Amino acid sequence: MHKLNVVGKRSPMLDALEKATGQARFTDDLSLPGMLFGKILRSPHPHAKILHVDLSGALKVKGVQGAISGKDIPRKKYGIVPMAKDEYALAIDKVRYIGDEVAAVAAASLDAAEEAISKIRVDYEVLPAVFDPLESMKPGAPVIHEEVPNNISASIRKEFGNVEKAFLESDFVFENDFETQAINHAPLEPHAALSTADHSGKVTLWSSTQIPFFLRRNLATTLDIPESKVRVIKPKVGGGFGQKIDLYAKDFCAAFFAMKMKKPVKFVYEREEMFTSTRQRHPFRIRLKTGMKKDGTIHAQQFRAIADGGAYNSTAPLMITLACYFIMLPYRLENLLFEGYHVYTNKPVGGAMRGHGIPQVRFAVEAQLDMISEKMGIDPLEIRLKNAFLAGEPHPAKLLVQSCGFSDTLKKAAEGIGWAEKRGKLPFGRGVGLAGASFPSGVSNMSHISSGAVVKIERDGSITLLTGAADIGQGAETVISQIAAEELGVLLEDIRITAADTEITPLDPGTFGSGVTLRAGNAARMAASEARGKLLEAAAEKMEADIKDLEIRDRRVFSKENPERGMSFQEAVKVYQYSDRPMPIVGTGSYMPPAKEPTTLLKEDGNFSPAYSFMTQAAEVQVDTATGKITVLNMVAAHDCGRAINPMLVEGQLEGSVVGGMGQALYEDVMTEKGQVLNPSFLDYGIPTAMEAPSINSVEVETDDPEGPFGAKESGEGTQLAPAPAIINAIYDAIGVRFNILPVTPEKVLEALQKKE
Amino acid sequence: MRLPQFEYVEPKTLKEASKMLASDKKTVVLAGGTDLLVNMKHRVIEPRRVINLKAIPKLDHITAGKDGLRIGALTTLHDIASSPLIQEQYPAVGQAAGEVGAYAHQAMGTLGGNLCQENRCRFYNQSPFWRGVRSPCYKAGGDLCHVVKKSGKCHSAYCGDMAPALIVLDAQVKVTGPDGERFFPLKKLYNQNGKKPLSLKTGEILKEVFIPPSSGKTLYLKWRLRDSLEFPILSLSLHMETDGKGQVKKARIVFSSVGEGPVEAVSAEKMLKGKLLDERMIEKVSEQAVKEISPMRTSIHSPAYKRKMAAILVRQALEELRNAE
Amino acid sequence: MKHILKLHVNGEDYEILTEIHKTLLEVLREDLGLTGTKRGCDLGTCGACTVLIDGKPSLSCLTLAAAVRDKKITTIEGLAKDGELHPLQKAFAEKGAIQCGFCTPGMILTSKAFLDENLKPKEEEVKKAISGNLCRCTGYVKIVEAVLSVSEKQ
């Protein structure tokens with residue numbers, strides 16, 4: 001590959017200055033003339049029948065222009081996974097958790113909307129509720145959804161190899177229980193939606209969403225109108241981390257009121273609603289049994305996971321499936337029996353969150369691997385290197401790993417943290433640990449999971465790029481523009497990108513599964529390549545050169561053989577125009593990740609993702625043995641992201657993800673009591689502040705993935721899989737105590753230290 | 001979350017403010033706003049009238065005199081934390097101010113507001129929606145306490161950072177009421193009543209805090225999960241004067257967040273008087289101090305954990321002061 | 001109840017008719033159209049709504065607009081001088097200290113107030129100063145780097 005000019009540069013995000021000056025517009029920053037303000041009434045009961053909703057009090061409040069409850073809306077369920085739809089935009093017959101949506105109002109002012117909500121009277125028949133997933137699975141437990149009498153709304157049982165035999169062949173068998181907690185994504189921007197409708201019945205929705213096209217589909221379903229009548233526009237989004245992958249009542253209600261009243265309506269969630277009524281990481285109860293060979297080979301694993309799903313499905317089947325398949329990376333594992341259950345409880349709803357079902361698994365596997373290495377007398381780094389998956393190896397579930405830098409990430413993370421000098425050698429209270437992981441770069445093989453792009457070369461030589469990809473702050477628009485600029489041989493500033501407007505930009509599934517760079521990047525590259533070809537055709541004609549001999553770089557078209565022969569990019573555009581070729585020069589690209597054996601994994605094995613990223617986290621911690629306080633001093637994040645399109649943005653992804661992972665190890669826990677969230681605020685829910693942030697060393701291990709655009713794979717999401725186990729393993733090295741339940745608070749450390757004495 | 005509607009006034013003198021406050025039970029005073037406005041948004045306080053004290057001149061000062069230091073009630077916590085005078089003479093006071101919330105809370109929050117902040121409870125500091133799951137508690141105008149069901153009183157906890165550090169220094173407060181001024185020990189500002197935690201009489205407003213000259217050493221230790229933003233899980237201030245040979249002449253230990261007001265461990269203090277601070281004594285005193293606090297489940301942290309941490313903090317404070325000798 | 005409110009924001013005098021119970025955040029965003037100031041929690045716990053009042057960082061969601069009539073208010077829109085961006089704005093953009101950008105206005109203004117008081121801060125002091133401004137994207141690393149890079153040029 002020739003020298004890259006734009007790809008690989010540490011370019012600031014295209015919209016960084018807009019954001020630094022306050023000009024960037026997020027959904028709540030938008031307003032339209034005559035706009036109304038909406039509010040949602042939520043259930044105070046974890047489980048109850050709705051007998052009657054009396055909206056009259058709300059309608060009497062001055063300024064209130066509309067009020068609706070579940071019986072006013074189409075009886076259409078929605079869900080992000082089509083086979084698991086189980087939710088109405090407003091509860092129709094019963095409420096299933098504290099915070100479930102019951103009614104909504106639209107008023108001329110927020111004051112009036114807030115007052116109106118307090119004037120709605122709801123008669124409930126309170127039902128017995130269940131809060132513990134193990135209780136919920138028992139016969140006779142309260143049934144949360146009538147269609148699912150056993151409360152197990154998704155399950156998976158898969159065996160690879162021969163597990164029974166493999167355990168018999170194992171020299172050592174280890175069995176441990178683990179527990180993870182509920183985590184809130186806590187994006188800084190609260191969820192918001194603004195909608196307007198015209199007299200033809202067309203609805204436009206600006207929404208803080210990661211998935212404009214899926215949202216369009218779900219909105220059309222719930223409103224019971226054709227998709228063509230819905231336009232979703234994503235303004236700037238203030239972080240998502242998976243929480244903005246769903247339709248929410250605010251989207252539906254804004255659109256519904258807008259249609260009904262022909263006025264713009266805006267809904268913005270309170271921070272408390274973000275905690276009680278959006279999505280969270282599923283708490284897992286885990287039993288993990290592992291069979292080892294004497295030489296340190298992982299021979300068999302049996303994994304049983306019970307995921308506390310809360311009141312609705314959201315991504316349930318996919319989440320539990322991902323948990324299963326990604327046990328088999330980044331280590332070679334021939335024999336696996338996985339049983340996973342997604343169980344309804346009367347609690348806040350689980351959903352996709354950075355890592356999506358896999359961080360829980362990695363916590364268990366990586367923590368146990370350290371126990372195993374200790375018992376077997378093998379260095380934890382060695383045992384990981386020994387079992388590390390390699391590129392091109394056959395995979396028991398038929399995942400196709402074409403590039404894999406896992407071993408390198410292990411070595412580099414170990415080197416970065418000072419493994420050889422520190423592991424087992426630091427004074428009591430201080431320790432190091434590491435953990436590995438792998439993550440898909442997007443999802444293969446569903447045609448609606450394809451990305452499109454359009455590249456237009458304009459008369460002045462500038463480039464217009466259309467992509468459906470949803471930048472939620474990770475810098476997708478910048479990275480996709482870099483890819484297009486590289487392919488076209490122009491500079492980054494020549495690109496003007498328009499993204500994530502379902503009416504203007506081509507289809508894109510959105511931001512999830514870490515697929516944006518690979519998928520939308522490839523689409524943009526294809527579109528750029530096509531436009532480039534058209535331009536070069538005209539240039540070749542003029543230069544009387546073979547098109548294959550032409551190259552574009554730094555805004556200059558030239559002959560590879562004779563580089564002095566050439567013209568500027570702008571001249572080439574002129575040449576194109578004067579040769580009576582049709583303007584504008586348009587290239588289109590549609591990219592669907594290929595796979596030899598198509599699968600969604602929900603039904604059969606096969607290659608799930610076009611590429612897999614690999615990573616190792618290493619941590620150094622200090623434990624104050626008098627108070628139990630843990631300080632993470634250093635983290636090393638070694639990540640194989642293929643080729644970094646923008647190393648500065650990759651680092652940013654890694655650093656943010658590491659601190660989030662640290663929060664999950666030590667500080668964060670959505671606590672509930674009888675279904676009520678006890679800490680729905682930033683005071684009591686401890687997302688790390690700058691004071692807690694450790695020093696972070698990001699090490700990019702570059703591999704060149706054949707499928708990724710310029711070799712790029714995912715970064716950032718996978719990084720959140722391993723910080724928690726790395727920290728937990730470091731704590732063991734520091735004080736000799738194993739923690740199998742997250743988060744590890746000073747209280748638990750003190751207790752454990754006292755028990756140890 | 002919108003504020004409820006209210007009438008807004010800006011008196012020009014403290015006396016005027018005090019008269020306004022006395023004239024109406026549903027009137028409140030506003031200083032920095034970091035406590036009051038949250039409670040108003042949560043609708044646990046719905047005043048008819050808000051008196052902004054910030055327009056009153058001369059309440060923002062740090063003045064050193066021969067007989068001690070005077071701090072105006074409207075002095076911001078940030079000014080206290082960054083005052084060279086306080087850093088030199090009463091470092092624990094500056095440190096406590098620097099541990100309130102974060103930078104902006106300190107720049108907004110005032111000494112008076114911090115001392116007069118409302119008690120806190122996990123059932124009280126919540127939105128109307130959250131509280132709507134249960135019947136209203138004493139503090140929110142109801143007639144029960146969710147922390148201790150049949151106790152017949154409110155158990156909300158005082159969670160301020162400034163009071164412990166000032167009480168151990170024998171700080172006094174000057175308050176202005178409709179009938180003039182009163183001057184009394186800061187400790188007496190707190191009446192250990194969760195529902196109405198301050199002993200201020202109708203119309204009284206905190207005007208000034210006075211710290212007498214101090215010998216000996218003072219510490220403020222705050223325990224929380226994250227080193228910013230949070231209220232203390234619990235905190236304590238220790239003041240100790242020794243004879244120079246390790247024998248304790250005087251000791252004061254005051255806790256925050258473990259009772260309905262700041263809690264002084266009086267018996268532990270007595271235990272220390274005239275004693276040499278050896279390992280055994282430190283152990284005994286920390287055990288005793290824990291007996292004198294009564295944490296309830298007013299936050300997401302358990303009373304048992306607070307007790308455990310109280311003992312650890314007392315020990316750390318005593319060791320630190322001993323080692324500083 | 002409405003009143004006529006005079007505010008001095010970013011060097012401009014405004015006179016508006018608005019409700020007396022509005023916070024400064026609400027007045028800035030709704031009445032003055034200065035939406036650069038963000039509403040992240042509305043309860044003073046995230047720092048996204050931080051503005052400068054007489055140069056000091058203030059949580060506009062916990063400030064009554066009526067109570068700051070005589071003050072100099074600076075929002076993120078008013079930080080650039082004569083079209084020239086503030087060094088912090090440039091540093092945040094260039095160093096990758098901005099991802100989603102939602103915490104950025106508050107983060108930059110807090111940092112400005114801090115650097116105005118501390119010419120040569122240590123890394124730990126920077127962390128403490130911005131610790132009331134939550135960021136979920138960056139892990140704070142590049143934010144601290146950006147603030148320190150500006151302080152080194154001071």
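Residue numbering restarts at 1 for every chain, and letters A, B, ... go by the order of the sequence lines. The model shown is predicted, which means the values in this text are computed figures rather than measured ones.
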**Request:** Count the heavy-atom pairs under 4.5 Å between each of C:E19, C:K90, C:E124, C:K95 and chain A, then report the option with the highest count.
**Result:** C:K95
**Asked** Given the options C:V144, C:T138, C:T104, which has more heavy-atom pairs under 4.5 Å with chain A than any of the others?
**Response** C:T138
**Item:** Derivation and outcome, side-chain hydrogen bond (donor to acceptor under 3.5 Å, both in side chains), residues A:Q664 and A:R281
**Value:** CA-CA 10 Å; A:Q664 293 164 39; A:R281 194 189 289 297; 3.2 Å; yes
**Request:** Report the C-alpha separation of C:D31 and C:K22 in whole Å, then their side-chain angles, then the decisive distance to 0.1 Å, and conclude whether the salt bridge (Lys or Arg N to Asp or Glu O under 4.0 Å) test is met.
**Result:** CA-CA 10 Å; C:D31 297 272; C:K22 272 190 163 182; 2.9 Å; yes
**Item:** Enclosure of C:K6 NZ (heavy-atom neighbours >12, cutoff 6.0 Å)
**Value:**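 No, because the 6.0 Å sphere around NZ of C:K6 holds 12 heavy atoms or fewer from other groups.
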**Prompt:** More than 12 foreign heavy atoms under 6.0 Å from NZ of A:K266: is that the case here?
**Reply:**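 Count over threshold, so yes.
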Contact summary for [X] and [Y], nearest pair of heavy atoms:
{"X": "A:G38", "Y": "A:A113", "value": "C-CB, 4.5 Å"}
{"X": "C:V27", "Y": "C:A65", "value": "CG2-CB, 3.6 Å"}
{"X": "A:I183", "Y": "A:V670", "value": "C-CG2, 4.0 Å"}

**Message:** Just to be sure I understand the criterion: a residue of residues 51-64 of chain C counts if one of its heavy atoms is under 4.5 Å from a heavy atom of chain A. Which ones qualify?
**Reply:**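 At a heavy-atom separation under 4.5 Å, chain A is reached by no residue of residues 51-64 of chain C.
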**Request:** Output the residues of residues 127-135 of chain C for which the shortest heavy-atom distance to chain A is under 4.5 Å, in residue-number order; output 'none' if no such residue exists.
**Result:** C:K127, C:K128, C:I130, C:S131, C:L134, C:C135
**Heavy-atom proximity to chain A below 4.5 Å, by part of C:L85** =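 Only the side chain of C:L85 comes within 4.5 Å of chain A.
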**Message:** If I measure from the heavy atoms of chain A, does C:F102 come under 4.5 Å with its side chain, its backbone, both, or neither?
**Reply:**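 Both backbone and side chain.
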Nearest 0.5 Å, please: how far is [atom2] in [Y] from [atom1] in [X]?
{"X": "C:L7", "Y": "C:E12", "atom1": "CG", "atom2": "CD", "answer": "12.5 Å"}
{"X": "A:L188", "Y": "C:M107", "atom1": "CG", "atom2": "CE", "answer": "8.0 Å"}
{"X": "A:D15", "Y": "A:R25", "atom1": "CG", "atom2": "CZ", "answer": "13.0 Å"}
{"X": "A:Q474", "Y": "A:S715", "atom1": "CD", "atom2": "OG", "answer": "9.0 Å"}
{"X": "C:S151", "Y": "C:E125", "atom1": "OG", "atom2": "CD", "answer": "10.0 Å"}
{"X": "A:H191", "Y": "A:S207", "atom1": "NE2", "atom2": "OG", "answer": "9.0 Å"}

**Item:** Pairwise side-chain contact, C:E15 with C:I4, heavy-atom cut-off 4.5 Å (strictly under)
**Value:**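 The answer is yes; the side chains approach within 4.5 Å.
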**Request:** Please examine the side chains of A:R354 and A:S657, heavy atoms only from C-beta on, and report whether any two atoms are closer than 4.5 Å.
**Result:** yes
Could you tell me which portion of [X] (side chain, backbone, both or neither) has an atom closer than 4.5 angstrom to a non-hydrogen atom of chain C?
{"X": "A:V237", "value": "backbone"}
{"X": "A:Y685", "value": "side chain"}
{"X": "A:I687", "value": "both"}
{"X": "A:A24", "value": "backbone"}
{"X": "A:Q653", "value": "both"}
{"X": "A:F241", "value": "side chain"}

Look at [options] and state which one has the largest set of heavy-atom pairs under 4.5 Å with chain C.
{"options": "A:M648, A:H185, A:E18, A:M13", "answer": "A:M648"}
{"options": "A:T689, A:V659, A:I696", "answer": "A:T689"}
{"options": "A:G238, A:S11, A:G240, A:A20", "answer": "A:A20"}
{"options": "A:P688, A:S695, A:S681, A:P187", "answer": "A:P688"}
{"options": "A:E651, A:M274, A:K236, A:R10", "answer": "A:E651"}
{"options": "A:A186, A:G475, A:G239, A:G660", "answer": "A:A186"}

**Request:** Under 4.5 Å, heavy atom to heavy atom: which of residues 28-37 of chain A reach chain C? Give them by number, or say none.
**Result:**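 Checking residues 28-37 of chain A against chain C gives A:D28, A:D29.
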**Item:** Test log, rule salt bridge (Lys or Arg N to Asp or Glu O under 4.0 Å), inputs A:E655 and C:K142
**Value:** CA-CA 9 Å; A:E655 289 158 1; C:K142 295 200 179 336; 3.1 Å; yes
**Donor-acceptor under 3.5 Å (C:T37 side chain, C:L25 main chain)** =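 Side chain of C:T37 to backbone of C:L25: no pair is present.
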**Which residues share a side-chain contact (heavy atoms from CB on, under 4.5 Å) with A:D111, sequence neighbours left out** =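 Counting only residues at least two positions away or on another chain, A:D111 forms a side-chain contact (heavy atoms from CB on, under 4.5 Å) with A:S109, B:R2, C:H21.
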